[in-house]
Amino acid sequence: MTTDKVCGCNVVTSAGVVTSLQLIVLLLTLSSTGLILDRYRTWQTSYPQTQYNATAQAAANGTLKFNATIWSETWVELGMAWYVGFGAFWLFSILILVLSFKYYRPVFVVPNFTALVVGIFMNLLAFGVLLARILTVSKDYRTDEYQEVIIIYVMGLCLFACICCLLFIIFISKYHTFLRNRYGHQVPKFIQSRARTGYHDEAY
């Protein structure tokens, strides 16, 4: 049936591909945000940092900002910690989603759908706190430090992950509808087997 097709592929096949892509995107974002969370303070002490330039400050009438504020740096670490925590939930939802390929129950899709919706906001949050860290420094000094270059790369990755979540939601929603229409009233096999065992036990 045409309703069982997504982009020319079977709904279950599409869901399998999307599940694999989710895992790839999750591993990329989780490793990147975890890297910033773990190494941010080390980079500040291990690599050269922008030094105060009195001549440039005087020429700019005292408006230059050479280093990030403590508020923006705190938000970076806090935002990355929140994202790592969310990543654990996203991974768990993918593991639950995998069960739907064996038992064909729409309820196994719900946690992953929720994770993708939350993922849109979490990726935007991560992008926002990283952008705020960059913008607190004057324009000519925003890429002078090692951690700032890493932050810019991760910002692009967070935007990419946000777009991916939007696309994933479309496919997962279609998969959930497919399971609900086709198998919504069926009992999973492992429950059926237990029911049969219990029946025979009572019969004997």
Return the minimal non-hydrogen interatomic distance between L30 and G87, and the atom names on each side.
-> CD1-CA, 3.9 Å

Looking at A132 and S72, what are the two nearest heavy atoms and their distance?
-> O-CB, 4.2 Å

Rounded to the nearest 0.5 angstrom, the CD-CG distance for Q22 and L116 is 4.5 Å

Working for ring pair (Phe, Tyr, Trp, His ring centres under 6.0 Å), residues F121 and F86 | CA-CA 11 Å; F121 298 98; F86 159 72; over 10 Å; no

With no hydrogens and no angle check, is any side-chain donor or acceptor of N181 less than 3.5 Å from a backbone partner on T177?
-> yes

Distance, nearest 0.5 Å, that separates CD1 of I94 from CG of L99 = 12.5 Å

Approximate separation, where rounding is to 0.5 Å, of I120 CD1 and C165 SG = 6.0 Å

Summary of side-chain hydrogen bond (donor to acceptor under 3.5 Å, both in side chains) pairs that have at least one residue in residues 75-86, sequence neighbours excluded = T29-Y83, R41-E77, Y83-N123

Non-hydrogen atoms of V25 and A161 that approach each other most closely | CG1-CB, 3.8 Å

Is there side-chain contact between S14 and Y175, with heavy atoms separated by less than 4.5 Å?
-> no

Any donor-acceptor N/O pair, S100 side chain to L97 backbone, under 3.5 Å = yes

Derivation of the side-chain contact (heavy atoms from CB on, under 4.5 Å) call for Y40 and R133 | CA-CA 12 Å; Y40 186 77; R133 163 61 182 82; 2.8 Å; yes

Apply side-chain contact (heavy atoms from CB on, under 4.5 Å) to the pair M80 and V129, showing each step before the final yes or no.
-> CA-CA 9 Å; M80 297 302 99; V129 297; 4.0 Å; yes

May I ask whether L23 and L166 are part of the same hydrophobic cluster, defined by side-chain heavy atoms of I, L, V, M, F, W, Y residues being less than 4.5 angstrom apart, directly or through others?
-> yes

Should L95 and V17 be counted in the same cluster of Ile, Leu, Val, Met, Phe, Trp and Tyr side chains packed under 4.5 Å apart?
-> no

Heavy-atom closest pair (S93 atom, N112 atom, distance to 0.1 Å) is OG-ND2, 3.3 Å

If you draw a 6.0 Å radius around CZ in F101, do more than 12 non-hydrogen atoms from other residues or ligands fall strictly inside?
-> yes

Is I169 reachable from L159 through a run of hydrophobic residues whose side-chain heavy atoms are each under 4.5 Å from the next?
-> yes

May I ask whether W71 and L131 are part of the same hydrophobic cluster, defined by side-chain heavy atoms of I, L, V, M, F, W, Y residues being less than 4.5 angstrom apart, directly or through others?
-> no

To the nearest 0.5 Å, atom CD1 of I151 lies from atom CD1 of I36 at 5.5 Å

Side-chain heavy atoms under 4.5 angstrom apart, residues restricted to Ile, Leu, Val, Met, Phe, Trp, Tyr: same cluster for L35 and M122?
-> yes

Between atom CG of L78 and atom CG of L125, what is the distance when rounded to the nearest 0.5 Å?
-> 8.5 Å

From L28 atom CG to I24 atom CD1, the distance as rounded to the nearest 0.5 Å | 7.5 Å

Could you pull out the closest heavy-atom pair between M155 and L130, with the gap in Å?
-> CG-CB, 3.5 Å

